[in-house]
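A short write-up of the structure that comes next.
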Amino acid sequence: QAPALEQATVVRVVDGDTLVVSLGGREERVRMVGIDCPESVAPEEERNTPEGERASDFTKSLVGRGDVVWLERDESDVVQYGRLLRHVWLEVPDDVDDTGEIGEKMLGGILVRQGYAQARRYGDDVAHAEALEALGREASRAGRGVSSSWS
């Protein structure tokens, strides 16, 4: 049984793993669940890295203002700073649990597969953790993106 996907429209890309979307007439900050990108817009300038800039640019190459995305909730709804925690799909998947589809249609999955994000488990939000971790191992082995220079 596929979880309910909410359709949203991208307003802007904040950084590699955060978007602002229009959802139900409101603008919401969405933090992608299950992944972590290096920093590029942290208030503490020393936390920002060239890898973070590259990850942010890669996200912007995949999605931008006016693009329709589909949001999938995991266990948590909202994280610190009032951001929604969601898996972001660029296309509606036939099977949300299929690793191949996660690596091709889920924005976070694409970022991990291409080496611009790492799979990260946060609390109970682990619906796609094993698939994302497998994609991360593949990226690391292939030396893709910034995976080899970012820890």
Side-chain angles (χ1 to χ4, degrees), residues 5-91 96 99 101-151:
L5 299 179
E6 290 179 285
Q7 186 174 320
T9 304
V10 176
V11 174
R12 66 187 175 91
V13 173
V14 176
D15 62 12
D17 52 27
T18 307
L19 308 173
V20 174
V21 302
S22 175
L23 179 66
R26 297 181 323 275
E27 281 195 7
E28 298 279 3
R29 271 177 104 82
V30 175
R31 170 67 167 82
M32 284 181 255
V33 64
I35 71 161
D36 187 36
C37 286
E39 292 290 340
S40 62
V41 295
E44 307 81 23
E45 191 58 45
E46 66 277 2
R47 292 178 50 213
N48 297 319
T49 65
E51 292 84 4
E53 290 291 331
R54 287 180 56 201
S56 183
D57 289 346
F58 186 72
T59 298
K60 289 173 182 169
S61 78
L62 297 172
V63 66
R65 183 172 188 81
D67 288 345
V68 172
V69 294
W70 287 266
L71 307 179
E72 176 192 352
R73 182 175 166 177
D74 203 318
E75 292 297 318
S76 302
D77 186 31
V78 177
V79 288
Q80 62 189 41
Y81 317 121
R83 297 179 298 181
L84 297 179
L85 199 55
R86 298 290 187 271
H87 298 285
V88 176
W89 293 88
L90 302 182
E91 295 176 50
V96 295
T99 301
E101 286 202 88
I102 289 169
E104 292 171 15
K105 297 180 180 178
M106 181 194 284
L107 184 53
I110 295 167
L111 287 164
V112 171
R113 193 185 90 216
Q114 296 301 331
Y116 292 97
Q118 293 175 338
R120 281 277 161 81
R121 290 179 185 241
Y122 297 100
D124 295 327
D125 296 297
V126 295
H128 302 298
E130 289 180 15
L132 291 168
E133 288 162 359
L135 292 166
R137 287 190 296 273
E138 176 190 321
S140 188
R141 277 196 303 272
R144 286 193 203 119
V146 297
S147 57
S148 56
S149 58
W150 172 53
S151 53

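The basis for the numbers below is simple: all heavy atoms, side chains too, and nothing from hydrogens, waters or symmetry mates. Predicted model only: the values in this text are computed from it and were never measured.
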Side-chain (His128) to main-chain (Val96) donor-acceptor, under 3.5 angstrom:
yes
Does Leu71 reach the side chain of Val88, with side-chain heavy atoms less than 4.5 Å apart?
yes
Sequence neighbours excluded, every pair satisfying ring pair (Phe, Tyr, Trp, His ring centres under 6.0 Å) that has a member inside residues 24-52:
none
Scanning both residues in full, the closest heavy-atom pair of Ala131 with Ile102 reads CB-CD1, 3.6 Å
Are the side chains of Leu19 and Leu107 in contact, using a 4.5 Å heavy-atom criterion?
yes
side-chain hydrogen bond (donor to acceptor under 3.5 Å, both in side chains) partners of Trp89, counting only residues at least two apart:
Glu72
Using modelled atom types and a 3.5 Å cut-off, is there a donor and acceptor pairing between side-chain atoms of Arg144 and backbone atoms of Arg113?
yes
Partners passing salt bridge (charged side-chain N to carboxylate O under 4.0 Å, His left out) against Arg26 (at least two apart in sequence or in another chain)
Glu28
Counting distance only, does the side-chain N/O of Arg86 pair as donor-acceptor with the main-chain N or O of Asp77 below 3.5 Å?
yes
Is there a donor-acceptor contact under 3.5 Å from the side chain of Thr49 to the main chain of Gly52?
yes
Tell me which pairs pass ring pair (Phe, Tyr, Trp, His ring centres under 6.0 Å) where either residue lies in residues 13-47, with sequence neighbours left out.
none
Could you tell me if the side chain of Leu90 sits less than 4.5 Å from the side chain of Ile110, heavy atoms only?
yes
Does Gln7, at its CD atom, have more than 12 non-hydrogen atoms belonging to other residues, nucleotides or ligands within less than 6.0 Å?
yes
Please enumerate all residues that pass ring pair (Phe, Tyr, Trp, His ring centres under 6.0 Å) together with Phe58, with sequence neighbours excluded.
Tyr116
Sequence neighbours excluded, the answer for side-chain contact (heavy atoms from CB on, under 4.5 Å) partners of Ala134 is Arg137
Strictly by ring pair (Phe, Tyr, Trp, His ring centres under 6.0 Å), give each pair with a member in residues 7-34 just once, sequence neighbours left out.
none
Could you note down all residue pairs passing ring pair (Phe, Tyr, Trp, His ring centres under 6.0 Å) where residues 6-49 supplies at least one of them, sequence neighbours left out?
none
Just distance, no hydrogens or angles: give the donor-acceptor pairs under 3.5 Å from side chains in residues 8-16, sequence neighbours left out.
from, atom 1, to, atom 2, distance (Å)
Asp15, OD1, Asp17, N, 3.1
Asp15, OD1, Thr18, N, 3.0
Asp15, OD1, Thr18, OG1, 3.2

Between Ser76 and Asp125, does the side-chain hydrogen bond (donor to acceptor under 3.5 Å, both in side chains) criterion hold? Intermediate values first, please.
CA-CA 6 Å; Ser76 302; Asp125 296 297; 2.6 Å; yes
Does Glu91 have any side-chain contact (heavy atoms from CB on, under 4.5 Å) partners at least two apart in sequence or in another chain, and if so, which?
Lys105
Would you sort out whether Val30 and Val69 count as a side chain to side chain contact (heavy atoms under 4.5 Å, CB included), showing the intermediate values?
CA-CA 11 Å; Val30 175; Val69 294; over 6 Å; no
Stepwise, does the side chain to side chain contact (heavy atoms under 4.5 Å, CB included) test hold for Glu133 with Arg121?
CA-CA 9 Å; Glu133 288 162 359; Arg121 290 179 185 241; 2.6 Å; yes
Is the shortest distance from a Lys or Arg side-chain nitrogen in Arg73 or Glu6 to a carboxylate oxygen in the other one below 4.0 Å?
no
Stepwise, does the side chain to side chain contact (heavy atoms under 4.5 Å, CB included) test hold for Gln118 with Ile35?
CA-CA 5 Å; Gln118 293 175 338; Ile35 71 161; over 6 Å; no
For Glu44, give me all partners under salt bridge (charged side-chain N to carboxylate O under 4.0 Å, His left out), at least two apart in sequence or on another chain.
Arg47
Hits for salt bridge (charged side-chain N to carboxylate O under 4.0 Å, His left out) against Glu53, two or more places apart or cross-chain, chain-then-number order -> none
Other residues, nucleotides, ligands: >12 heavy atoms within 6.0 Å of Arg65 CZ:
no
Sub-4.5 Å side-chain heavy-atom contact between Leu85 and Met32
no
